[in-house]
Amino acid sequence: MQSMIPDYVSEVLRDVEADTSGMLASYIPELATADPDRLGAVLATVDGEVYGAGDIDTEFTIQSISKPFTYALALSDRGFGPVLARVGVEPSGEAFNEISLESDTGRPRNPMINAGAITAHSLAGAEDLKSAERVEHVVKGLSSFAGRQLRVDESACASEMEHAHRNLAIAYMLRSHNILAEDPRAVVEGYLRQCSVLVTARDLAMMAATLANRGVNPLTGEKVIHEPVARQVLTVMATCGMYDAAGDWATQVGIPAKSGVAGGLIGALPGQIGIATFSPRLDSHGNSVRGVSLFERFSSDMGLHVMEVPPAARAVVRSNHVVADGLNAIRVLQLQGGIRFAGAERIVREIADSASSEPRVVLDVSMVYSIDDVARRMLLEAARRLTLDGHEVYLIDPESIIPNPNPGEGGRLAVVCGFEQLVRGTLDP
Ligand code: DON
């Protein structure tokens with residue numbers, strides 16, 4: 001059987017293809033020569049599966065889509081404190097190239113607008129790096145997110161540098177507030193080289209999937225950034241990634257995203273998927289017109305909005321029943337799926353409401369594929385309390401989804417291979 005997902009992506013591309021509204025970016029002459037009809041979309045899962053249709057291997061410059069990734073490098077290289085001291089995390093509500101800084105601190109409001117991105121670029125890598133070394137570090141980092149070696153489009157970079165008056169003005173303002181420590185022109189040159197890195201929609205989807213996958217590249221398995229950095233970047237993308245269209249985007253699409261003036265657009269759903277689209281015509285906010293339409297369809301068709309209610313927590317309790325009776329009675333809770341706080345709360349409530357009389361209680365996690373730390377701790381505490389209440393507590397965990405299951409002071413949790421072992425052992429004379 002062929003997966004239906006590539007056919008679905010092709011269908012959605014056909015649905016948006018007729019929309020030729022929007023304009024190519026003209027303030028960068030090189031971008032004005034792009035083929036306006038290019039159109040592609042790619043979905044990349046956090047375990048590395050890639051589905052795409054259209055122009056998914058056509059190269060274009062990454063532009064502002066580089067910003068979240070360079071922000072991630074800065075956070076990783078310098079730590080949260082020094083970066084947050086120079087770049088805020090508040091949505092500006094202004095255009096991406098607005099020449100505005102916080103009145104009191106002189107900080108750019110966030111790392112997604114040019115002022116913040118120029119600052120973030122200056123914070124990538126060690127403090128004493130020369131400009132060329134910093135660019136090399138950034139390109140290497142972008143390549144790690146993509147899972148392949150990326151390169152700079154020299155003509156696009158030269159074209160933008162020739163007209164970089166606004167970015168230079170921003171950089172000199174940043175220097176005047178000591179947000180930048182280096183020569184503003186050198187920082188802008190480095191930032192524009194970062195923006196001129198060539199990518200495809202396939203690369204961008206994998207970069208987004210790396211963010212969605214706690215910072216681990218699904219293709220190469222490389223841990224590019226740590227989980228707290230990925231979370232910080234996704235959060236800032238969610239609130240600031242679409243500039244002064246961030247509010248509409250959050251309500252209509254609801255996926256942490258970042259756009260670029262060459263027509264790229266990425267979205268990353270934590271723990272699920274990275275998405276990238278490519279269509280060069282832009283709206284008044286500098287976002288790809290057909291890219292936004294594609295994301296609106298993906299979000300509504302596949303229920304990807306981050307505010308979509310996850311599967312009901314009760315779904316984690318597959319069954320709650322008693323085997324045998326009297327002194328041999330065993331209360332069995334079969335659990336399933338991914339368990340986080342809401343699911344663990346449901347399990348604990350089921351135990352509290354039902355495991356009153358049976359001398360033995362079994363937690364069967366054979367069908368659980370993931371359990372986060374808080375849920376693991378809650379289940380172990382439930383085992384401890386059941387022990388203290390006089391129950392024998394058993395855990396069926398063939399995949400060791402709960403390694404070293406120690407319930408702590410006064411608790412006892414016996415791990416058994418399967419239910420048969422338990423019933424045989426219990427019922428044997
Ligand atoms: O600095 C600039 O203006 C461009 N290199 C990047 C701007 C951009 O991609 C805005 N995003 N939509």
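Both counts, for ligands and for their atoms, begin at 1 and track the order of listing.
- Contact atoms of ligand 1 toward Gly260: 9 (O), 11 (N), 12 (N) (distance under 4.0 Å to a heavy atom of the residue).
- If you check the side chains of Ser370 and Asp372, you find no donor sitting under 3.5 Å from an acceptor.
- With respect to atom 8 (C) of ligand 1, the closest heavy atom belonging to the protein is Ser64 OG, 2.5 Å.
- Atom 12 (N) of ligand 1 has Gly286 O, 3.0 Å as its closest protein atom, hydrogens excluded (heavy atom only).
- Taking the side chain as every heavy atom from C-beta outward, Leu150 and Leu198 never approach each other to under 4.5 Å.
- Given atom 1 (O) of ligand 1, the protein heavy atom at minimum distance is Tyr191 OH, 2.7 Å.
- Ligand 1 has an N or O atom lying under 3.5 Å from an N or O atom of Glu160, backbone or side chain.
- Checked by distance only, ligand 1 and Asn167 come closer than 3.5 Å through their nitrogen or oxygen atoms.
- At a 4.0 Å heavy-atom cut-off, ligand 1 touches Val261 through backbone and side chain alike.
- Electrostatic pairing of Arg109 and Glu90 does not count as a salt bridge here, judged by no charged N lying under 4.0 Å from a carboxylate O.
- At a 3.5 angstrom cut-off on N or O pairs, Lys258 does not count as close to ligand 1.
- Here the protein heavy atom with the shortest distance to atom 11 (N) of ligand 1 is Tyr243 OH, 3.0 Å.
- Electrostatic pairing of Arg377 and Glu381 does not count as a salt bridge here, judged by no charged N lying under 4.0 Å from a carboxylate O.
- Applying the 4.0 Å criterion to heavy atoms of Cys195 picks out, from ligand 1, the atoms 5 (N).
- When only modelled atom types and interatomic distance are considered, Ser155 and Glu30 share a side-chain donor-acceptor pair under 3.5 Å.
- A side-chain N or O of Ser354 and one of Asn320 form a donor-acceptor pair less than 3.5 Å apart.
- For Ser288 (side chain) and Pro280 (main-chain N/O), no donor-acceptor pair under 3.5 Å exists by modelled atom type.
- Here Arg318 does not pair with Asp364 in a salt bridge; the nearest charged N to carboxylate O distance is not below 4.0 Å.
- Distances shorter than 4.0 angstrom occur between a heavy atom of Asn114 and an atom of ligand 1.
- Taking every heavy atom of Gln63 and a limit of under 4.0 angstrom, the matching atoms of ligand 1 come to 4 (C), 5 (N), 6 (C), 9 (O).
- With hydrogens left out, the protein atom closest to atom 3 (O) of ligand 1 is Tyr27 OH, 2.7 Å, a heavy atom.
- Checked by atom type, the side-chain pair Tyr71/Gln232 shows a donor-acceptor distance below 3.5 Å.
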